[in-house]
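These notes are about the structure you will find just below.
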Amino acid sequence: MKEILSLDHVSYTYESEEGEPRKAVDEVSFTVWEGEWIAIVGHNGSGKSTLAKLMIGLLFPENGKLNVFLEELNVDNLWDIRSRIGIVFQNPDNQFVGSTVQDDVAFALENNGVPYDQMVPRVHESLAQVNMEGFLDHEPHHLSGGQKQRVAIAGALAMRPKLLILDEATSMLDPQGRDEVIKVVDELKRTTGLTVISITHDLEEVLLADKVIVMNDGKMMMSGKPEAIFAHGDELEAIGLDLPFASRLSRFLREEGIAIQGEHTTEEELVNELWTFHCNK
Amino acid sequence: MDISLQQVGYSYALGTPFEKRALKEVNASIKSGSYTAVIGHTGSGKSTLLLHLNGLLKPSEGTVRIGDVNITASTKAKELKEIRKHVGIVFQFPEHQLFEETVEKDIMFGPMNFGVPAEEAKRRAHELIKLLGLPEDVAQKSPFDLSGGQMRRVAIAGVLAFKPSILILDEPTAGLDPRGRKEIMELFNKLHEEEGLTTILVTHSMEDAARYADQILVMHEGRSVMAGTPADVFSDAERLKTFRLGLPRSVAFQRDFEKLIGQPLDKLALTEEQLAFEIAAALKDGER
């Protein structure tokens, strides 16, 4: 397996005018492998956005080592490394530059001097990957939130990135828009093997990830597969995180005296468990 | 104050080539002291509707009645000012509207604009800082030095400061983390109960609508298409689907569970706690 990104005891402190410096990232270490989908979760202020800024070189670690594509990120290789990373931010309205969908997707290609005859097929291909190929000449501000974020993802994909970072990309969308975006990212991952790092509060998104990293007070509190993470329900709630619906319902059922066996993170699993319970009594 | 809408229609850019009909024949009745959730797909007219509820927009057709004031197309702007003293709106991302040098001044701005003396406004600001669970020392800080969740609380305090009896909330938890969402929703619920407010919540969250509201209004393509208690509205999954709306997760799970055991539960469970109770009752029932 190829390494895409690694953090080795990375720390970062914000200096504040009012004296007390705040350690936003504290000795964090983890590795992201090619093709993985990583979800980073944590309450507001837990350090997850600072992590994202470190990954794309908007900030540099004060301690520790951060490698992207096996190179230590520094001012010299920054631009080259960034050209291989796609990023989609939270607010769909703040990341449009083109007056039509296809102009917008072509923007980065133009900036990077991709010849016109290559640009056109790449724009079409990227929009097809997010199921927006029917919207080439639409004006971005007439799209729904979910459609806008999918166009933003297409803009990132057009640069053929090795790594896609989603920084709370679904948090401002309505439920339908969120589903559209998650579905597209899930498809991309399965069909292209793209590596995805998603900073998110959305549990449905977390459940689809290969690995979850839980941040609290700048530290990596735990990491592992979603099922393993959600087995620590009490600890997650104590740091202000939510649990998937099925986990929450399981707890209430236990409180009502129903002895649910094991940890169930999806509704389907929990219904099956209840069926077993129903049949065995 | 009761609110009622009779055959309300509204067109943006009326009489121009860009005219767009946003509301058509909307009817609704909101009783004083009730908690109403307005749900509907993006573009269903929810936001246009709420702008009518404090006279930010006047209906192109029909009548909006707030307390004993009727608002129609011909109502003068001057008459709307009185209504705005009674109706507070917390818009989406209300923290974008913060502007003063200190938190205290920002909260005082609304009441002072309505003629409340500075002393009184200041006293209210400090009460609200406490009520909203903000640390006492934020009063003299710049609102822009606070965290996102705290900024939102300050903005909400600014709306509560002129003591509205009707509180309108447009997606008040958008962009907050799960704990922040829960805290804010619980806070509004507490205010609703303790202050006897009439609360109107515009939301995409079927779970919040089911948990907090006692009445739901469904908007679709500019029309009011369904109204009733959460149990009524969420019993009709097929109809909601035609409006591109889903069920709260607890109701969806209840349906799956009922299919499994081949019989309906006693009640439609509007929260996870209720659902767990009903399921446990059904499972234990078989044991006897």
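Values below: every heavy atom of this structure, side chains too, minus hydrogens, waters and symmetry copies. Sequence lines set the chain letters: A, B, ... in the order given, protein chains first and strands last, and positions in each chain run from 1.
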Query - Close contacts, residues 234-244 of chain B versus chain A, judged by heavy atoms under 4.5 Å - result: B:R244

For residues 206-220 of chain A, run the donor-acceptor check on the side chains, cut-off 3.5 Å, and write out each pair with its distance to 0.1 Å, sequence neighbours left out.
unit_1	atom_1	unit_2	atom_2	d
A:D210	OD2	A:W37	N	2.7
A:D210	OD2	A:K189	NZ	3.0
A:K211	NZ	A:T31	O	3.4
A:N216	OD1	A:H43	NE2	3.2
A:K219	NZ	A:D26	OD2	2.9

Requested in this report: Please examine the side chains of B:R249 and A:E267, heavy atoms only from C-beta on, and report whether any two atoms are closer than 4.5 Å.
Outcome: yes

Query - Closest non-hydrogen atom pair, B:L283 against A:H278 - result: CD2-ND1, 3.8 Å

Query raised in the report: Atom CG in A:N91, atom CZ in B:F93: separation rounded to 0.5 Å?
Result: 7.0 Å

Requested in this report: Taking all non-hydrogen atoms of both residues into account, name the closest pair between A:H201 and B:P178 and its distance.
Outcome: ND1-CD, 3.7 Å

Report summary line: When rounded to the nearest 0.5 Å, the distance separating CG of A:L173 from NE2 of B:H204 is 9.5 Å

Report summary line: When the 4.5 angstrom heavy-atom criterion is applied to A:L203 and chain B, the contacting part is neither

**Report entry** Side chain / backbone / both / neither for B:S250 at chain A, heavy atoms under 4.5 Å
**Finding:** both

**Report entry** Min side-chain heavy-atom separation A:I258-B:I279 under 4.5 Å
**Finding:** no

Query raised in the report: Where the side chain of B:R179 meets the backbone of A:A238, is there a donor-acceptor pair that is under 3.5 Å apart?
Result: yes

Requested in this report: Mind ranking A:R251, A:R254, A:Q176, A:E256 by heavy-atom pairs under 4.5 Å with chain B and telling me who comes out on top?
Outcome: A:E256

Query raised in the report: Would you say A:F245 and B:L275 make side-chain contact, with heavy atoms under 4.5 Å?
Result: yes

Requested in this report: Sort A:E237 into side chain, backbone, both or neither according to what part of it lies under 4.5 angstrom from a heavy atom of chain B.
Outcome: backbone

